[in-house]
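First the structure, in the form of structure tokens, and then the observations on it.
Counting starts at 1 for both ligands and their atoms, following the listed order. These figures come from a predicted structure and were not determined experimentally.
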Amino acid sequence: MITCFGESHGYCIGVVIDGCPAGLPLSQNDLQLELDRRVPHSPEIALSRIENDEAEILSGIFNNFTTGAPICALVRNQDARSADYSCIKDTPRPGHADYPARIKYGSFNDYRGGGRLSGRITIAFVMVGAVAKKLLRLCNIKVLGYTQAIGDIAVEQEPSPEEIEARTYKSAVRCPDVKTSDLMERAIVNARERKDSLGGVVECLALNVPTGVGEPVFDSLDADLAKLLFNIPAVKGVEFGAGFNAALWTGSQNNDPYVLSQGKIVTVTNNAGGILGGISSGMPIRVRVAFKPTPSIARKQKTVDLITKEECSLQITGRHDPCIAPKAVPVVESAVATVLCDHLLRAHIIPKVLGGKDGNGRTLRT
Ligand SMILES: Cc1cc2nc3c(=O)[nH]c(=O)nc-3n(C[C@H](O)[C@H](O)[C@H](O)COP(=O)(O)O)c2cc1C
């Protein structure tokens, strides 16, 4: 069970992870490494708040190992400028959650910076993902994301897992193809100069997932992945393998023929994206996630004054990312890793108490 807490301009963003097996070596540094990947080190790409986002683990760790008790971790907010948001209190931003949240919570919601419905809540996703990725490494499973498209600029040739692993986080836009990365960066700068924003697509691969993971009918692997991915703010589409294109093809084009490769059953193509019937097929899981353009743009927009009930215009100040996709790459990886971990625990592929030795050299039970 996972829950998160905190608001964009509140005290902190935090998470509680209940159900992590005991005996996993875990430190604040493990969370920090993942959090550091969330913010591209380019002022052109990441315009929003400049914060160090330092992870603190409050519970669930003893002698540098997880204890099996709930893990609570948080990041304190440091760089909130709430004054930037006074203008949106009664004049909701088009494309953001201000208006429906105000109606749902009867104006009691913390609207500053989007409150709980801010992109900053993805800090919680990334802290959970850091723990999930460590657990997956025990099963040799890798989760690799990258920016596949920004606006109408997309990578032409699918990068190999090795290329994604080696180059994604060296690119400010998190695209492993150097030429495309430059074009994407320029497109983002152009959009910002036009006081506008761009959407994008993040693709994610999960490698070495064993065949047979997933709990159809109602906890199918693709359904659970899609659910968590759709909980990331600004996600507007999720597709596996050939995705929406499969609807345009015939069966003979879409089916992935089985062959034997070094005694293993594999498929020639992977249009299914590694999942059939809600169960992992043993092929790489391939999922693409579409992000809408950042709603908060500097351009003048139409809105309604909720007090006077009159139409008016709104000019948003403050710092906003001109494109969400680059920051979302480790968030998508984290969501995928979290769901996979959950299913591997349910299938007892990851045990409730991990083997090996603890910090005192004591052998742990498996
Ligand atoms: C990593 C990340 C960063 C985001 N940064 C911003 C931002 O700087 N400004 C903004 O208006 N929206 C930003 N968003 C998007 C909003 O949080 C989101 O659009 C809003 O909550 C409305 O939800 P919806 O788009 O899912 O309907 C970000 C989203 C993510 C995932």
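- We find that Arg76 and Glu54 are not joined by a salt bridge, their nearest charged nitrogen and carboxylate oxygen being 4.0 Å or further apart.
- Compare Pro295, Gly119, Pro330, Pro322 by their heavy atoms: the one nearest to atom 12 (N) of ligand 1 is in Pro295.
- When non-hydrogen atoms are compared, ligand 1 lies under 4.0 Å from the backbone of Asp321 as well as from its side chain.
- Distances below 4.0 Å separate heavy atoms of Lys292 from the following atoms of ligand 1: 19 (O), 24 (P), 25 (O), 27 (O).
- Each of the atoms 17 (O), 20 (C), 21 (O) of ligand 1 lies under 4.0 Å from some heavy atom of Leu117.
- At under 3.5 Å, not a single nitrogen or oxygen of Arg38, backbone or side chain, sits near a nitrogen or oxygen of ligand 1.
- In this structure, Thr66 contributes its side chain and Leu24 its backbone to a donor-acceptor pair below 3.5 Å.
- Atoms of ligand 1 lying under 4.0 Å from any heavy atom of Thr122, numbered from 1 in the order shown and given with element: 1 (C), 31 (C).
- With hydrogens and angles left out, the side-chain atoms of Ser171 and Ser181 include a donor and acceptor closer than 3.5 Å.
- Lys170 pairs by the side-chain contact (heavy atoms from CB on, under 4.5 Å) definition with nothing, not counting sequence neighbours.
- Summarising the local packing, CD1 of Ile265 is surrounded by 12 or fewer heavy atoms from other residues, nucleotides or ligands at distances under 6.0 Å.
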What pairs of donor and acceptor atoms, side-chain ones from residues 123-133 against any protein atom, are under 3.5 angstrom apart with sequence neighbours left out?
from: Lys133; atom 1: NZ; to: Glu34; atom 2: OE1; distance (Å): 2.9
from: Lys133; atom 1: NZ; to: Glu333; atom 2: OE1; distance (Å): 2.6

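- Here is the list of ligand 1 atoms found below 4.0 Å of a heavy atom in Ser118: 17 (O).
- Contacts between Ile232 and ligand 1, counted as non-hydrogen atom pairs separated by less than 4.0 Å, involve the side chain only.
- Here the shortest heavy-atom distance to atom 16 (C) of ligand 1, taken over Arg93, His320, His96, belongs to His96.
- Counting the atoms of ligand 1 from 1 in the order shown, those under 4.0 Å from a heavy atom of Lys236 are 27 (O).
- Here Arg116 does not pair with Asp110 in a salt bridge; the nearest charged N to carboxylate O distance is not below 4.0 Å.
- In terms of polar-atom proximity, Ala328 is not counted as a contact of ligand 1, lacking any N or O under 3.5 Å from an N or O of the ligand.
- Side-chain contact annotation: Arg93 with Ser296, donor-acceptor N/O pair under 3.5 Å present.
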